[in-house]
There are 2 protein chains.
Amino acid sequence: MKIQTFTIQKVSDMTGLSPHTLRYYEELGLLNKIGRNEHSYRMYTQADISWIHFLLRLRSTSMPIAQMQQFSSLRSMGDETIALRLELLENHHNQVQEQIDHLTENLDKIARKIHHYKELLNNGSK
Amino acid sequence: MKIQTFTIQKVSDMTGLSPHTLRYYEELGLLNKIGRNEHSYRMYTQADISWIHFLLRLRSTSMPIAQMQQFSSLRSMGDETIALRLELLENHHNQVQEQIDHLTENLDKIARKIHHYKELLNNGSK
DNA sequence: ATATACCTTCGAGTGAACTCTATAGCAAGG
DNA sequence: CCTTGCTATAGAGTTCACTCGAAGGTATAT
């Protein structure tokens with residue numbers, strides 16, 4: 001039984017990353033050794049796609065590409081780096097939590113400004 | 001009684017924006033008519049500084065500069081634009097709330113990955 | 001067989017938001 | 001009066017994360 005693989009366009013559809021960006025990520029070392037078919041077309045496995053989805057979680061929580069490179073590099077070094085990866089991820093987790101806290105605080109201040117504008121509008125039409 | 005004013009360096013210290021960025025923001029039309037002293041040095045009023053702090057809230061909730069320009073432009077047009085500003089701000093409020101929701105969801109997935117790594121570490125030392 | 005719609009690599013281009021450089025005027029301490 | 005450090009303007013340069021273009025090989029439908 002063969003492992004199912006996907007062309008770059010399929011993966012683009014599945015992840016939302018353009019083929020250009022998928023090649024770019026590979027070149028940056030974020031994706032390790034994507035297989036090729038007989039015409040040297042990239043063929044992605046399900047594992048590759050899961051990894052891309054995980055990378056997208058990191059990206060969408062504002063992890064810089066440089067740090068994702070570091071993480072990917074540790075991953076490609078095998079199981080001895082799990083402790084380091086864990087540390088990196090826990091740090092990131094804390095930063096995201098802070099990010100959320102700041103956003104929540106700012107959101108509250110914006111809500112106050114909205115309230116202020118609403119009052120101005122009411123007094124204006126008095 | 002004179003109004004107290006502040007040099008660009010003071011304002012930089014108070015807001016965290018560099019003097020460069022303060023001039024840049026002014027040039028973009030985000031700050032309206034900063035006063036000048038007899039040597040044509042910028043002198044910022046307390047009102048200017050409050051406005052900068054508000055801009056920073058918008059920025060740190062990822063409002064693009066272009067939208068801040070739009071908002072600032074409405075502000076400089078006076079009270080007839082309050083309804084429009086309110087609308088703009090409410091839209092932004094909703095976007096920030098979505099942002100927070102997405103972050104929270106991703107944070108949760110990252111927490112699972114952390115949990116997964118911790119399990120790997122425990123089994124490894126068994 | 002030909003059109004079209006993929007795929008490849010490599011290097012250049014883009015847009016957002018700063019950030020810095022160069023050149024020059026002003027100003028307070030010793 | 002000189003040095004150090006502020007201020008000014010205009011325009012060029014930087015960083016990040018893509019994004020595109022050119023040139024050419026491959027694949028499927030008619």
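Just so we're on the same page: letters track the sequence lines, and every chain starts at 1.
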Listing time: all N or O pairs from protein to nucleotides 22-26 of chain C that are below 3.5 Å?
unit_1: dG25(C); atom_1: N2; unit_2: Tyr41(B); atom_2: OH; d: 2.9

Any pair counted as salt bridge (charged side-chain N to carboxylate O under 4.0 Å, His left out), so long as it reaches [range], sequence neighbours left out:
| range | answer |
| --- | --- |
| residues 88-114 of chain A | Glu90(A)-Lys118(B), Glu105(A)-Lys109(A), Asp108(A)-Arg112(A) |
| residues 75-84 of chain B | none |
| residues 40-66 of chain A | Glu26(A)-Arg42(A) |

Qualifying residues under side chain to side chain donor-acceptor pair (under 3.5 Å), relative to [X], sequence neighbours excluded:
| X | value |
| --- | --- |
| Thr81(A) | Arg85(A) |
| Thr104(A) | none |
| Ser73(B) | none |
| Asp13(B) | Gln9(B) |

Between C1' of dA17(D) and CG of Leu56(A), the distance in whole Å: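 The distance from CG of Leu56(A) to C1' of dA17(D) comes to 13 Å, rounded to the nearest Å.
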
Heavy atom of residues 59-74 of chain A under 4.0 Å from DNA chain C: which residues?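 Heavy-atom cutoff 4.0 Å gives no residues at all.
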
Using a 4.0 Å cut-off on heavy atoms, which residues in residues 43-51 of chain A reach DNA chain C? List them by number, or say none.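 Per residue number, the list is empty: none.
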
Checking one residue: Leu103(A). Which other hydrophobic residues are in its cluster under the side-chain 4.5 Å linking rule?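 Cluster partners of Leu103(A): Val96(A), Ile100(A), Leu107(A), Val96(B), Ile100(B), Leu103(B), Leu107(B).
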
Sequence neighbours left out, what passes side chain to side chain contact (heavy atoms under 4.5 Å, CB included) with Ser76(B)? Give chain and number order. Asn32(B)

